[in-house]
Amino acid sequence: MTKKMKLSQLSDILQDLDVESLEGVTIEGDIELNITGGGGLNPALAYALGNEISQISLHMANIGRMLGFPAEQLFASAFGLGEMPQPEALPTSPKIQELLASKFEVAKVDNWKNPIQEVTLGATSGDGGSRKSTVTIGGENALPYYFDAEMPHRNYVTMDVFDMPIGMAKAVKGNYEDVINDPAEWAKKVVRDFNADMVTIHLISTDPLINDTPAKEAAKVVEDVLQAVDVPIVIGGSGNPEKDPEVLEKAAEVAEGERVLLASASLNLDYERIAKAAMDYGHNVLSWTQLEINAQKELNRKLMKQCNVPRERIVMDPTTAALGYGLDYAYTNMERIRLAGLMGDDELTFPMSSGTTNAWGAREAWMVSSPLNQDSDWGPREYRGPIWEIVTGLALSLAGNDMFMMMHPTSVQVLKEITQTLYGSIESEEIDITNWVGAEV
């Protein structure tokens, strides 16, 4: 007759056996075994259990040998069996210490023959500008942080500044409430306190649907920001295709010689006017498209062929979709662009910029909790938002992105530390993030 027995009950049976190695050993658990009647283990079951335990012991012994421990000597000493033969595979199995100490070489990818174009942002006094230093991006001969080609320049972060107060997530707004009405002071803060490599000034008040600020007045804001900080700057409009060309023309004029990045030239506005302004006043052009590699090729080609923009003046922005909102597609698009450039497509051999701030458009970054009653707890948004921006930026850095437009100070600090660690050089200054309002992460 068959009956059930718990695994822990094996202890009672094994106690009667004179096995020295089982002294002090207890078997615990509630796994039940089917055994035959008769008051003891079925011989076939006992044999099967013994076989399995022996196999486990052999595997553990093999691991011990890989770690350098002479397991066979232990068995020989314990059971008086003499030196136990090692399995056939063991003599050729390297020890972990040897594996860690060994050197290896990574084969180069033969079809990565075209380096990415280098582009310099900002101009020092020696170049006719007033920036304290410049930023150079691009120049890669492989995907970022790859073993077979040196990455000539690290990733850089430009922090967003706006020419008027805007709606922001609470976790972001808390860092800028004291400067939100003064773009120049805002720019100072992100450089002085948050270690921004660059500043992006967004002239959103010029939108006819917002304040319709005249281009001349917007240009005065650009002048103020240039005087407030000495890092390279990016100048963006409002996104209005009718107004932006005029706004960027005036901004380019007042920033003459500073080699700013005009953001942006796109296919749905008069990109020729923006390109001409860049050439007339010595600036770079951000070539912006919306997640479409063929559109990016077309715009780059038109900037070079129709507008005569030199290659060293073009930076691409293929558009950033945030974590959970198309990040996989944005990553794939950027990686395809970078690989195509490395393999010789001269319409795509340009450094890339990411509007990583778009991560704050994701509801998971700023909502208090999920709108779905049955959803799990999202956790505190003060942590969630920065993490959303960090993960978005980090993913795109692996796809080949060179420059990030960002907002949250914690996100900036963490992303810079990670990317500079991968690059091999930690250059950022220590910042006491516990003093940042709403940013205790």
Side-chain angles (χ1 to χ4, degrees), residues 121-122 129-135 155-205 213 217-236 238 251 254-255 258 260-261 263 353-360 365-366 381-383 385-386 388-390 393 403-417 419-420 427-441:
L121 308 171
S130 62
R131 306 299 89 192
K132 182 179 181 180
S133 60
T134 62
V135 163
N155 307 93
Y156 289 91
V157 172
T158 174
M159 294 188 72
D160 293 324
V161 170
F162 297 85
D163 68 340
M164 61 173 285
I166 64 167
M168 291 184 285
K170 183 178 180 181
V172 177
K173 188 176 182 179
N175 297 286
Y176 303 115
E177 288 179 322
D178 57 332
V179 294
I180 202 167
N181 293 298
D182 189 334
E185 290 300 314
W186 194 339
K188 282 183 182 179
K189 184 169 187 177
V190 298
V191 174
R192 180 189 65 236
D193 297 345
F194 303 145
N195 203 30
D197 299 309
M198 300 174 58
V199 170
T200 298
I201 174 66
H202 297 277
L203 303 172
I204 62 169
S205 71
T213 301
E217 289 185 26
K220 179 63 170 61
V221 175
V222 173
E223 288 184 299
D224 292 342
V225 170
L226 283 168
Q227 292 176 8
V229 297
D230 56 11
V231 297
I233 72 167
V234 181
I235 303 174
S238 65
V254 299
E258 297 291 356
V260 305
L261 181 62
S353 172
S354 159
T356 315
T357 304
N358 290 346
W360 290 96
W366 58 268
R381 58 180 172 175
E382 291 80 10
Y383 292 83
W388 219 260
E389 191 174 18
I390 292 165
M403 186 175 75
F404 306 90
M405 297 183 181
M406 303 180 69
M407 287 196 72
H408 199 286
T410 301
S411 305
V412 171
Q413 179 73 358
V414 173
L415 184 67
K416 287 184 70 173
E417 183 166 343
T419 55
Q420 288 183 34
E427 299 177 4
S428 58
E429 298 177 1
E430 292 293 330
I431 298 177
D432 184 6
I433 63 175
T434 59
N435 292 328
W436 298 347
V437 178
E440 295 179 358
V441 295

Taking the side chain as every heavy atom from C-beta outward, state whether [X] and [Y] have any pair of such atoms under 4.5 Å apart.
X	Y	value
I166	H202	no
V190	Y176	yes
S238	L203	no

Inter-residue atom distance [X].[atom1] - [Y].[atom2], 0.5 Å rounding:
X	Y	atom1	atom2	result
I390	Q413	CD1	CD	10.0 Å
E382	T410	CD	OG1	11.0 Å
M405	Y156	CE	OH	16.0 Å
T213	M164	OG1	CE	8.0 Å
W388	N358	CH2	CG	14.5 Å
L121	I233	CG	CD1	11.0 Å

Keeping [X] on the side-chain end and [Y] on the backbone end, is there a donor-acceptor pair under 3.5 Å?
X	Y	answer
D160	T200	no
T356	F404	no
E389	M406	no
S411	P386	yes

* To do: Among residues two or more places apart or on two chains, list those pairs meeting side-chain hydrogen bond (donor to acceptor under 3.5 Å, both in side chains) that have a residue in residues 218-236.
  =>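 Sorted pair list: K220-D224.
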* Single hit among V260, V221, V254 for side chain to side chain contact (heavy atoms under 4.5 Å, CB included) with I235 ->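 Looking at V260, V221, V254, the match for I235 under the side chain to side chain contact (heavy atoms under 4.5 Å, CB included) is V260.
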If you look at every heavy atom in [X] and [Y], which pair is closest and at what distance?
X	Y	value
S205	D163	OG-OD2, 2.5 Å
A365	A359	CB-O, 3.5 Å
M407	M159	O-CE, 3.3 Å
T158	V199	OG1-C, 3.2 Å
E258	R131	OE1-NE, 3.2 Å
R381	W366	NH1-O, 3.0 Å

* Please test L261 against M198 for side-chain contact (heavy atoms from CB on, under 4.5 Å), starting from the C-alpha separation and ending with a verdict. => CA-CA 11 Å; L261 181 62; M198 300 174 58; 5.5 Å; no
* Please collect all salt bridge (charged side-chain N to carboxylate O under 4.0 Å, His left out) contacts where either partner lies in residues 181-191, sequence neighbours excluded, each pair once. =>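 The answer is D178-K189, E185-K188.
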* Applying ring pair (Phe, Tyr, Trp, His ring centres under 6.0 Å), name anything that partners W360, two or more places apart in sequence or on another chain. =>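 Listed in chain order: H408.
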